[in-house]
Asker: 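Sharing a structure here in structure tokens format.
Chain A is the first sequence line, chain B the second, and so forth, proteins listed ahead of strands; every chain is numbered from 1.
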Number of protein chains: 2
Amino acid sequence: MLGGLIFNLEPALDAQLRRDAGLSLFEYGVLAGLSEAPDRTLRMSVLAAIADGSLSRLSQVVSRLEKRGWLRRTPDPSDGRYTLAILTDSGWDKVVATAPGHVAEVRRIVFDPLTKAQVQQTAAIARRILQAIAPDHDCLNDRR
Amino acid sequence: MLGGLIFNLEPALDAQLRRDAGLSLFEYGVLAGLSEAPDRTLRMSVLAAIADGSLSRLSQVVSRLEKRGWLRRTPDPSDGRYTLAILTDSGWDKVVATAPGHVAEVRRIVFDPLTKAQVQQTAAIARRILQAIAPDHDCLNDRR
DNA sequence: CTGGATCACTTGAGGGTTGAAGTGAAGGTG
DNA sequence: CACCTTCACTTCAACCCTCAAGTGATCCAG
């Protein structure tokens, strides 16, 4: 019964974003992650962790988002190995335009159908399962 | 907090199968679905619903599994529009060899970390969310 | 019958993801 | 200082998936 969830929840959220904003869920996660960061700026590796994807995947997605004008890259002046991803004003506008629809869909699919108790149960359950998947990976911070 | 789950649980199960059996989670679902069917035989469209994938995706995956000798295809004698997918003996052996490791991983990641109450809560929660995603899609049957 | 609609499935192009190898910068070590 | 290692990131090829068209088989109206 978890099976159905795993296979259908992410595609459902992805579909709403593609339909209404022309963004994949992962792309949205990247832009949203940046939008909440100080100076709307993050190192690529930090952004990859926040968006929950590999650095390789992020690198290519960021290239696309950069071509679309929603962010830009710059070497970190304090350490040339790091690359800073910076949300542009246009990217900020995109997030502002996109977030409400996404949030509404999450509410519609996840929060509205559940009781308050079930929402809390879900948090506890997710925490335990994630712990079993990645024991080290400290799960104090919520990822999106 | 559901986010992390959605992004990590399926990949974790997929990784175990690829590592230990050289099968993707979806490929395993196809073989396992057939292995539980009467005569180890199903119509492609039924198998697609069981494995929770599109017909197009199934068609291509079945081609690969057929090349590997784990199943074969035959037109349905009673209606030439249907195609029957039939698990071979070799495919059966593959499922028998693969299932224990997969089941153990599911247990390790999902069932062991949860209390009995949490497992039941999960079922109720998943049912409600799935209902919100696909109101028609009757959720009486558990998909894997 | 027969022409068109529908059904079940297949194919192919386009695009995204993965994993391994490559690049270039920074940090030791002698 | 070289040299090696490590790090952060990028690139490339292989693979997989999706979506839109294509292919037969069957059904049905006239």
Asker: Report yes if a side-chain nitrogen or oxygen of A/Arg73 is closer than 4.0 Å to either non-bridging phosphate oxygen (OP1 or OP2) of D/dA8; otherwise report no.
Answerer: no

Asker: Let's see if you can work this out: which of D/dC9, D/dC17, C/dA26 has an atom nearest to the side-chain heavy atoms of A/Asp79?
Answerer: C/dA26

Asker: Provide, to the nearest angstrom, the distance between the CG atom belonging to A/Asp76 and the P atom belonging to D/dC9.
Answerer: 9 Å

Asker: Contact between A/Phe7 and B/Glu10 at the side-chain level, heavy atoms closer than 4.5 Å - yes or no?
Answerer: yes

Asker: Within this structure, what is the CZ-to-C1' distance between B/Phe7 and C/dT17, rounded to whole angstrom?
Answerer: 15 Å

Asker: Taking only N and O in the side chain of B/Ser59, is any of them less than 4.0 Å away from OP1 or OP2 of C/dT11?
Answerer: no

Asker: Rounding to an integer number of Å, can you tell me how far A/Leu55 CG sits from C/dA20 C1'?
Answerer: 14 Å

Asker: Which sits closer to the 5' end of DNA chain C, A/Arg18 or B/Gln60, going by the nucleotide each is nearest to?
Answerer: B/Gln60

Asker: When you measure from the side chain of A/Arg57, which nucleotide among C/dT18, C/dG27, C/dT10 comes out closest?
Answerer: C/dT18

Asker: In whole Å, I'd like the distance from the CZ atom of A/Arg68 to the P atom of C/dG15.
Answerer: 12 Å

Asker: So B/Lys94 and B/Leu23, do their side chains get closer than 4.5 Å, heavy atoms only?
Answerer: yes

Asker: For atom CZ of B/Arg107, decide whether the heavy atoms of other residues, nucleotides or ligands shown that lie under 6.0 angstrom number more than 12.
Answerer: no

Asker: Please report, rounded to the nearest Å, how far the C1' atom of D/dC16 is from the CD atom of B/Glu10.
Answerer: 13 Å

Asker: Do the side-chain N and O atoms of A/Ser90 and A/Arg68 include a donor-acceptor pair separated by under 3.5 angstrom?
Answerer: no

Asker: Can you tell me which nucleotide in C/dT18, C/dC9, C/dG16 comes closest to the side chain of A/Arg64?
Answerer: C/dG16

Asker: Any side-chain heavy atom of B/Leu114 within less than 4.5 Å of one from A/Ile125?
Answerer: yes

Asker: Specify the separation, in whole Å, of atom CD of B/Glu27 and atom C1' of D/dC15.
Answerer: 11 Å

Asker: Roughly, in whole Å, what's the span from CZ in A/Phe26 to P in D/dC17?
Answerer: 19 Å

Asker: Identify, between B/Leu58 and A/Ser24, the residue whose nearest nucleotide on DNA chain C lies closer to the 5' end.
Answerer: B/Leu58

Asker: So does A/Ser56 reach the base of D/dT11 with its side chain, donor to acceptor, closer than 3.5 Å?
Answerer: yes

Asker: Check every atom of D/dC17, C/dC7, C/dC9 against the side chain of B/Met44 and return the nucleotide holding the closest atom.
Answerer: C/dC9

Asker: Rounded to the nearest angstrom, tell me the gap between atom CZ in B/Arg81 and atom P in D/dC27.
Answerer: 5 Å

